[in-house]
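A, B, ... follow the sequence lines: proteins, then strands. Residue 1 opens every chain.
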Amino acid sequence: MARKPRTEMAFKSGDEMIFGTAKFPVTSKRGIKYGGGYVHPTVKPHPRPGSEKTKKTLMREYERMNFDALERMVVVGHPTLVVENEHVYQMTHTPDWGGDIAAQVARQMDDMLAKYGLKSAHTSTIADLRRPESVHMRTSDYLHEMMASFDACSKYSDHVSIESMGGKEVFDYALIRQDMAGILMGIGYLGSIDMEWCWNQIVDICKKNNCIPGGDTNCSEANTAMFMAGGLVSKDVPHVYAALARAISAARTMVAYECGATGPTKDCAYEDPIVKAMTGVPITTEGKTSACGHSDLASNLIAAVCDLWSNEAVEYHDMFGATTTSVFAEILGYDCAQFNCSIDLGLAKEMQTILVNSDAYRDSHSLILVPDNAWAIGNEIVKNTSKGFYTRARAGAMKAGSIILADTKFKLTAFEKEALEDAMKQMEALPEDEGNFLDMAMPKYKKLVPGFNPDSYGLK
Amino acid sequence: MNSKERVLAVLNHQKPDRMPCFTANSTVTYDQMEKVGAYWPEGHDQAEPMAKQAMAAYTILGFDVVRAPFDQMTEAEALGAKVKSGGEKGIPGAAEPPVYTIDDIPPKELPADYLSRARIPELLKAITIMKKELGDEVLIEAGIIGPFSIAAYLLGVTKTLKASLKAPDKLLPFLEISEKAGTALAHALIDAGADIIANEDMTASPDIIMPKSYHDLVYQFQAKQFEEINVPTILHICGDVGSIIEWEGKSGPDILSLEPATDLKLAREIVGPKPIFMGGADAAKVLFMKTPDEVKAACREQVEAGIQILAPGCAVAPGTPTENLIAMVEVAKSYTS
Amino acid sequence: MKFLSDFSNIFKRYDLDTEVKKQEARKISDDPVLDAIGKFVVEGEAEDIEAPVKKALETKAPMDVINDGLVKGMNEVSRLWDEGVYFLPQVILAADAMNAGIALCEAKMGKAMDRKGKVVTHTAEGDIHDIGQVIANALLNAGGFEVINLGCDCPVDTVVATVKAEKPIMVTGTALMTTTMTAFPKICHQLEAAGIVIPFISGGGAVAEEWSTSFPLSIWGKEDGWSCGLAEDALAGMGWEDMRSKWNG
Ligand code: B12
Ligand SMILES: [Zn+2]
């Protein structure tokens, strides 16, 4: 399916956006309507190391951990649950493993619906096995395995997703050097090209198998920046670089939806509030509930416009209360109950105000995800869509930077301010025109980044 | 192109055949003294040996410009400061105690015989000799000392630093006369044959004074000085000058001489395209102490970062091995256009 | 959307707080007079400091005024310098203010204050770059050591003779020129030859670690902030070899 570039905002303003409601709701096989007015929990069990030794032990692990979560819904009375299984290497590398696990959970879900009326759904997230610096992104065996895995899983799962890796070789080089041109090149340009190429195929496979093409995330790049920036007192990578990388990643991640993906989106895409503003698809986000996987500075705020509420992967273990997957599914469900109460009480906007105020001024990365700001960044991106992947990504990042600089309530440390001013200067000095940018950037990164192979992206 | 044409091309913002190599500071080493048969202390106060030592930069090292003098005391001594000889190995410096205290008021104008005082006549003669001998092939550079450093020689450095914070007003008359001393010397040097004037203001470094003091006290005098000098100029301030480079640039020199401690990329963004950047390997830590290969690597790194004229980061230490200085020239030769 | 105007009950910006805290002078003392004394040291006010010092001396022991006001103020200055907030002129002025205060206290005691031990400092023969030494003097002074300041351009023989006469716990040298640093090994060899085994701190921009640790007695003094730590070790009787392995390498 060909990509339809998005040139207009799906939402008319940041204010129009609220959790639980998307412009284009999507309904799962067992009847959960994402973005149809309420928020739904998504739990993400992860197998213990060692369980992947044989297909049998791995299937057993999935059977238990997925079931524990489903069962806990019934125990405490939560009406819906999405279970996302992010593939471990073997599940994608040997496509029938992933496919058989998807079939197994589908059976479990059918049972729970029949027995209790619990509406649940399954996401298979295929592993992107391609390391851009070492394999060809378009012709390697890994690519074929991934597509075979999409085919196998989409026969059983409600939705399929991926965390694609395009541009990571250039991005990694650029981030530690605080080189904005390289960050734009890695995420904004190469990442987008690779996504368009992958997602056109994924959407076709889904159509064939009657599966929902879920979404993508810039986990491998923007989240790398976010984790390296770290907590408030860490100074390895400036937080503003993580914020700018995030804005750029919104322009990239949107490509999936331009190619026909519909959501629910991938949970760890912190760029999703911007993506929702632009595309109107139902989004999954994760915040405080993902502290089991990583820490962030936007834990409540990131729920402000979510449609599904997730926890990031949690390894399957016993806790005092129950196994980790039951515990997290229960917490997520209660969070959703609270969001949904506010909706039915007519207090959703007030609830959103609370969520946003909690974190907006904790960090620059949080600030740009405030609904109004996310919308404004998205607006810059779609306005520049016709000028190409690079140009729209740069426009989004410049907007994010100026939002941070202009907000009088938000205080930057001297270190952060200097970093941001430097980044803005770098971006201003870059050409607006994609062709001119590439004339400079292609030879530069070909020379500087050892594993960068333009042919992987269909480039010369 | 010969050296003269090469440097002129860079000064006119045109393409030279290759990158030039020369410096804003002293180039003399013991080794060169041996080779040209002219020594210290005479090289500091007699025209002939001074000219010989300066010209060694071209004849022995292959630098594109020759430059005198080699110490920092010329103006201050002519204004009454006592100088302590450095003997055969060292460089003349200020003797204790300084001539003035901060509560003194220095003369408003230069003494009528200023240009015939102390070592100035010999310096002027040396420049004339250099011009006569090499003037067709290379440009002749002469050094003056920046107003803040001269003031510090007149008052003592510690006293000057304190005054920069506590009594900046009392410093102003010293800076005024120091600026006049430097400018008058520059005019005489130009008349004697100098094509380029280098202004060294080491004590104005952010390693020593607050960036704010540079802006409030030094900048205006440097700007005035460059305004009044009608040949190409270089400003050299030591250390990481990132915090003052905006004002260094605005003061108006054609060339900024920078130590490797300064972030060149940022510096360029701050000062804009006009000032030419001169710099290269660290004079003490690399040129003096390391091997030719390390010198080359250090120079290349600086050129990649934006240096347009290769130079030692600061004054060449007199014990620097000749092969290290020649290694710099070789790097310059490898950057052809 | 409604936004709070004050988030202090919601979250704490440790990043901003620590940055601002580092740049601000900290409170010196809960006692208002001692705090004023400390503040004048931090601000480098050698004249203004006299009044509060005299006032404090009416009720407090001179050594307490020194230790709890003047020295604490100077410690704060040294921290601000380490943080890159203060520049050299500020450190020099602060040392002046501290010394003015100490002079008043000593006058009241009728004798010089008791010092922990003597340290001989100098800048190498032929070298007029004495700023590093000036700072070391100020910090050692504030640390309670008696500084025997031989100033700049100080001949090797003078250093050796002074050490023989004064019996310090430590000697320091500052050299910023490659032509002058060669004085340090000469001093150390002469001291050794005279049977004086005492730590010699090689400081100044010209000297590198490798070179500084290539001759006996010498320990590389990377930054002035080390001065008191090194002197404390020497005072505690640590030998130069142990000090070298602790501070260098
Ligand atoms: C300021 C300065 C001057 C001032 C000096 C004022 C003064 N009273 O000190 C003036 C303008 C007078 C001057 C003159 C000259 N200078 Co000068 N100057 C400098 C400059 C810019 C800064 C030096 C400085 O004070 N730094 C700040 C202090 C605090 O640093 P520091 O002393 O190194 O101390 C640090 C550490 O070493 C350590 N430390 C030092 N002492 C001690 C002691 C102890 C106990 C401990 C623990 C630590 C410690 O702690 C400090 C940091 O915390 C340097 C360039 C540079 N960027 O270094 C050139 C520099 C030192 N100068 C240089 C030269 C060549 C000269 C002149 C010969 C120039 C000339 N051609 O006439 C004359 C010297 C004449 C003479 N006979 O001495 C060269 C020396 C080259 C070499 N290595 O041989 C340098 C390196 C510049 C260069 N060419 O690269 N200079
Ligand atoms: Zn210098």
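Proximity to chain C involves both the backbone and the side chain of B:Lys162, based on heavy atoms less than 4.5 angstrom apart. Residue C:Asp127 does not touch chain B at all, counting heavy-atom pairs closer than 4.5 Å.
Heavy atoms from other residues, nucleotides or ligands lying under 6.0 Å from CD of B:Glu301 number 12 at most. Surrounding CD of C:Glu106 are more than 12 heavy atoms belonging to other residues, nucleotides or ligands, all under 6.0 Å away. Counted within 6.0 Å of NZ on C:Lys39, heavy atoms from surrounding residues, nucleotides or ligands total 12 or fewer; the atom is thus considered open. Under a cut-off of 6.0 angstrom, the local environment of CD in B:Glu88 is sparse, with at most 12 non-hydrogen atoms contributed by other residues, nucleotides or ligands. Around the NZ atom of B:Lys296, the shell of radius 6.0 Å holds more than 12 heavy atoms that belong to other residues, nucleotides or ligands.
The minimum heavy-atom distance between B:Leu161 and C:Ile131, with the atom names listed, is CD1-CD1, 4.3 Å. Of all heavy-atom pairs between B:Ala94 and C:Ile128, the closest is O-CG2, 4.0 Å. Closest approach of B:Ile209 to C:Phe87, counting heavy atoms only: O-CD2, 3.6 Å. Here the shortest heavy-atom pairing between C:Glu43 and B:Lys166 reads O-NZ, 3.3 Å.
From C:Leu88, atom CG reaches atom OG of B:Ser213 across 11.0 Å, with rounding to the nearest 0.5 Å. Atom OG1 of B:Thr158 and atom CG of C:Asp130 lie 5.0 Å apart (nearest 0.5 Å). Between B:Lys89 atom NZ and C:Thr182 atom OG1 the span is 9.5 Å, to the nearest 0.5 Å.
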Step-by-step side chain to side chain contact (heavy atoms under 4.5 Å, CB included) determination, C:Thr178 to B:Met289: CA-CA 9 Å; C:Thr178 45; B:Met289 301 197 187; 4.2 Å; yes

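Here C:Gly44 is the residue among C:Gly44, C:Ala206, C:Gly205, C:Gly126 with the most heavy-atom pairs under 4.5 Å with chain B.
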